[in-house]
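What you see is a predicted model; the values in this text were computed from it and never measured. The figures that follow rest on heavy atoms only: side chains count, while hydrogens, waters and symmetry mates do not.
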Amino acid sequence: MFSTRILRHVLFLLMFTALGIARAQAPEELKIGVIAPLSGGGTAWGLALQRGAQLAVDEVMAKGGLKIGDKVYAPKLVVFDSQYTAAGGRVAAERLISVEKVKFIIGPIGSPEVLGALPVTMKSETLMLSNGFAVPILKNPENSPYNFRVLNTSVEFGPAMVKWYRENYPKSKKVAMIGPNDSVGQMVVPQMAEVYKSQGFEVWSELYERGSKEFTPILLRMIAQKVDLFDLAGNAPSEVGLMIRQARQSGFKGHIWQAGGPAVDEAIAIAGKLSEGYMSFNVFDFDNPKAANFVKAYRAKYGTGIINAQTPIWHNATHMLFESMRRSGGTDVKAVRNSLEKLDGYEGGLVGPVSWGGLAEYGVNHQLLHEFLIVEVRDGKIMTRATITPVKR
Amino acid sequence: MLAIWPIFTSNQFLLTMASMVLLSAIGAASLNLIIRTGHVSLAHAGFMGIGAYGCVLAQLYLEWSFPIALIFGCLLSGLVALAVGPIILRLTGKYFVLVTFMLGEIIRMIFIEWKSLTGGSNGLSNFPPIHPIFESSINFYYLALIVSVLCVALCWRILTSELGRAIDSMREAEKVALCSGVPVIKIKILIFVIGCVLVAIQGAFQAHLIKFVDPTSFNDLASLNFVVMNVIGGMFHVAGPLIGTIFISLFPELLRDYVDYQRVIFGVVLIIVMAALPGGIVGTFARLRGKK
Amino acid sequence: MFSMAMFGQALVNGVSLSAIYVLIALGFTLLFGIMRVVNFAHGAFAMLGGYALFFAYGQYQLPYAVAIIGSALLVASAGLIFEYFVVRWFYHKMFQSMIGLMGLNMAMVFTGVIVWDAHERSIPAAASEVLFVGDLVIPADRVVVLAVAIVVLFLFWMFISKTKYGLAMRAASQDVEIAGTQGINARRIYQVAFFIAIFMTALAGSLYTQVYALSPFVGERILMVAFVVVILGGMGSIPGAALGGILLGLSESFLSTFFGAAVSTFVTFGAVILLLVVRPWGILGEPE
């Protein structure tokens, strides 16, 4: 009897030890929230978010999981559709925080959905890596403690691009911008107009109802203005290709470029030969050998369609989040946030080293300043003409 | 019962969802009033927007307190309804639907184009709250509950009163009602104005729930949502729009796990419900009960 | 700005817009005229027409005439399946049809997103030349659209007024019960009407997506255009669709060119509201 009791104790001990080892090796699930517009006007970007983040998760899982301190986590994305509206962003955020109990959110993308989600994420101290061009997203009385913007806005890349254009094409004097009257167009077009004017250009601009596909009447109006440069800033990829094609078909002979987007692949797909000479802001070169694995993984999982240019941005953001967790040694939001703020120099994605800026503009250094390219379409291929790093301000 | 359950949970999501459902019920019920007169309005979300913008702008620029700003928003909505009502309410059936669709679009375009006033597509944020007490989800919920119950009760009272009987008679046989001395067009205008004022209330409160006002919340899809709530729930019963609101607001939440398929599933469900239950959910129950 | 050359070009642009708008509106107004159904899935069927042409002409590279007619026939045949399972429950039921078809539209569009992904694609142009007539610029693909619009309108008018089926359809649209007493099989007529309507819609969709671009969401704008054109011209009236399309196309072109996009939209919407208030059955419609 004595020995059976000891045997039982020993067995229990062995069992617990075995379980303990097993548990230490079985990764603990770590839920990461994703709010993406998967219906409504922003679906292409929403899918880019979902896919970019998922590819980053896949990469980490392929290496055995996310190792933070001495624990191993299996990150799992919980993806909610925001429908590209403020209410949608709010409800998605609430559900992620209160029901799914996530502490980290990637997305949303459009200003209305970010502004809808912010009150909730700020109050509950949930870390958000998002986008949205509206200034109040970063510049607010609370100093945006838990929100970081992971994509350059026209405030960051606009001045450098215009300066480059000025230097390369000194004869151009007048620029036209035609953009949609949605939250992006109404923010970006005036912003870029200021940038152009401050560099000595004359600016003409016009906004159209989002959803239109026929631009020849407005383009005709633009051609009558005798402009040298046509900037597609603020246009969604679906409209960029059409504008280029219709502008060239209408006889516009000046430069066409986009200080925004990017939508270069879409431009080539829709405008074909007429996209020759088209220039644009670009975040990433999919033909770069560094990108080969990324592209291969994307194709294997999501097919052969065009890869939306925001995909590597969100892939990068997800890796940034993971690295911040690693450096902070845990999943405490404040600690991770502090690590994220100090992540300068880290290169986990495909868009260059992390650099935080924006203090002068927004009062807080939560704007990611990633490298970007100025590219031109030549013979149906995308050639890089300049690589630019935004200035920390 | 509605008043008690929040004590047992502090789940913010449930509280926010519940508040949204309560506020949407105001819009659905107020639209039901208008539908009962035989007119389906696709401009309802536009009037909701007038209430929202009116209230928020008054708070921001005229620095009025919320109650006054709320009244202002409602008055604005009511005045617009009063201005267009006499003209468009003379139209019947599908023509009224079409003209209100266009009206809704014009209102939305004004919100977008009048950037200097409304902030355009980027909307208005950082406006003064109703009162610091209501920053907490539970308190806001109770506020929404009270407001919603009052508004829906008003609709119910109207529909079950003498006026309600006049409305039903107007809808079923307009010429007969006219001959019996029912002032048809006056009643239609009155109900239209009341309906638009009520949905303006929803607009103002919802703006404070989301803390953001932008034109995309007041587009044709939003108006259609109110109509769908009524048709799915049942247009000719008082509980109809309420059931419809719950269905339309909560069903997408059930589909969250099927993020890629959720809209496909929702579309199919709409088809099936409409094909199988032409009287709406409540209408079907009534029929079944009647048959017994 | 207000020069002869601008005027001329605005006219050319307007005519090409009109052709597209007329085609879009035809199928829509036919369904309303005969079955009193407001086809909220109109855009989705047009989208299917676009994808059908994309595969027929873009991928399999069938000759253009074969591709465009074949793809429209294919979609129209598929349409009959939707008609059997979904649409026929909603004939003559205004509100139920509205919402049921909205549901169908949602299901079709987002299935499209799942199957074909959300990004935009391009269908190679039937003719990519640009013709220069004096100061005027006329892209050849727009001329193709204009030609197709005229041919389709003409053929459809012939069908409606000269053939037995066309006559039966007209009778059914006026009074389906009495038509039944004359030996007209309402069910068969509805199927024929539906087939033709979807054929025209798919054709319009394939041309639209060829001129512009293809994605699962093209239907949204197409539906809006159909609505406005048909309100202008009269719901259920084929000549009305033609007139409405021409009016909308020309006014949009001239107003946008000379006064900008916002003015064009406000004036168009304002005019439509005015028309609805004063003459709701449209310019060529008939009061009920």
S.K.: With a 3.5 Å cut-off and no angle check, do the side chains of C:E252 and C:Y21 form a donor-acceptor pair?
M.R.: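 Yes - a donor-acceptor pair under 3.5 Å links their side chains.
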
S.K.: Applying a criterion of heavy atom separation less than 4.5 Å, what residues of residues 109-118 of chain C form contacts with chain B?
M.R.: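 Within residues 109-118 of chain C, near chain B: C:F110, C:T111, C:I114.
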
S.K.: For residues C:A241 and C:L26, report the shortest heavy-atom separation together with the two atoms involved.
M.R.: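 Reported closest heavy-atom pair: CB-CD2, 4.2 Å.
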
S.K.: Between B:L91 and chain C, with a heavy-atom cut-off of 4.5 Å, which part of the residue counts as in contact: side chain, backbone, both or neither?
M.R.: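 Just its side chain gets close to chain C.
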
S.K.: Do C:E120 and C:Y212 have side-chain atoms, one donor and one acceptor, less than 3.5 Å apart?
M.R.: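 Looking only at side-chain atoms, C:Y212 and C:E120 do not form any donor-acceptor pair under 3.5 Å.
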
S.K.: Quick check on C:I99 against chain B: is it the side chain, the backbone, both or neither that has a heavy atom closer than 4.5 Å?
M.R.: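 Contact with chain B: backbone and side chain both.
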
S.K.: For the residue pair C:F254 and C:F258, does the interplanar ring angle fall in the parallel (under 30°), tilted (30 to 60°) or perpendicular (over 60°) class?
M.R.: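 Rings of C:F254 and C:F258: parallel, as their planes differ by under 30°.
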
S.K.: Can you tell me which portion of C:F269 sits under 4.5 Å from chain B's heavy atoms? Options are side chain, backbone, both or neither.
M.R.: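 Its backbone and side chain both get close to chain B.
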
S.K.: Do you know which of B:I87, B:L98, B:V231 has the most heavy-atom pairs with chain C at a distance under 4.5 angstrom?
M.R.: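 Highest number of heavy-atom pairs under 4.5 Å: B:L98.
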
S.K.: Who in residues 101-112 of chain B is close to chain C, using a strict under-4.5 Å heavy-atom cut-off?
M.R.: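 Those residues of residues 101-112 of chain B which have a heavy atom under 4.5 Å from chain C are B:F101, B:M102, B:L103, B:E105, B:I106, B:M109, B:I110.
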
S.K.: Identify every side-chain donor-acceptor pair in residues 25-33 of chain B under 3.5 Å, counting partners at least two apart or on other chains, and give the distances.
M.R.:
unit_1, atom_1, unit_2, atom_2, d
B:S30, OG, B:I26, O, 2.8
B:S30, OG, B:G27, O, 3.0
B:S30, OG, B:H44, NE2, 3.0
B:N32, OD1, B:R36, NE, 3.3
B:N32, ND2, B:N230, OD1, 2.8
B:N32, ND2, B:M235, O, 3.0

S.K.: So for B:V273, is it side chain, backbone, both, or neither that comes closer than 4.5 Å to the heavy atoms of chain C?
M.R.: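 Looking at B:V273, nothing touches chain C.
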
S.K.: Are the side chains of C:M224 and C:E220 in touch, meaning some heavy atoms are under 4.5 Å apart?
M.R.: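 Not in contact.
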
S.K.: By a 4.5 Å heavy-atom criterion (distance strictly below it), what part of C:M108 contacts chain B: side chain, backbone, both, or neither?
M.R.: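 Neither part, no heavy atoms under 4.5 Å.
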
S.K.: Could C:R88 and C:Y84 be counted as a cation-pi pair, given that NZ or CZ must be under 6.0 Å from the ring centre and within 45° of the axis?
M.R.: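 Yes, cation above the ring, under 6.0 Å and within 45°.
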
S.K.: Any side-chain heavy-atom pair from C:R121 and C:Y51 closer than 4.5 angstrom?
M.R.: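 Contact flag for C:R121/C:Y51 side chains = yes.
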
S.K.: Does a side-chain heavy-atom distance below 4.5 Å link B:L270 with B:I232?
M.R.: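 In contact.
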
S.K.: Quick check: closest heavy atoms across B:L224 and C:M102, and the distance to 0.1 Å?
M.R.: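 Heavy atoms of B:L224 and C:M102 come nearest at CD2-SD, 3.5 Å.
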
S.K.: Can you find a heavy atom in the side chain of C:I196 that is under 4.5 Å from one in the side chain of C:L30?
M.R.: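 C:I196 vs C:L30: side chains touch.
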
S.K.: Name the atoms and distances for all side-chain donor-acceptor pairs under 3.5 Å in residues 37-50 of chain C, with sequence neighbours left out.
M.R.:
unit_1, atom_1, unit_2, atom_2, d
C:N39, OD1, C:A41, N, 2.9
C:N39, OD1, C:H42, N, 3.3
C:H42, NE2, C:I24, O, 2.8

S.K.: Which region of C:S97, side chain (C-beta onward) or backbone (N, CA, C, O), has a non-hydrogen atom less than 4.5 Å from a non-hydrogen atom of chain B, or is it both or neither?
M.R.: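 When you check distances to chain B, no heavy atom of C:S97 falls under 4.5 Å.
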
S.K.: Show the nearest heavy-atom pair for residues B:Y53 and B:G120, with the distance to one decimal.
M.R.: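 Taking B:Y53 first and B:G120 second, the nearest heavy atoms are OH-O, 4.3 Å.
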
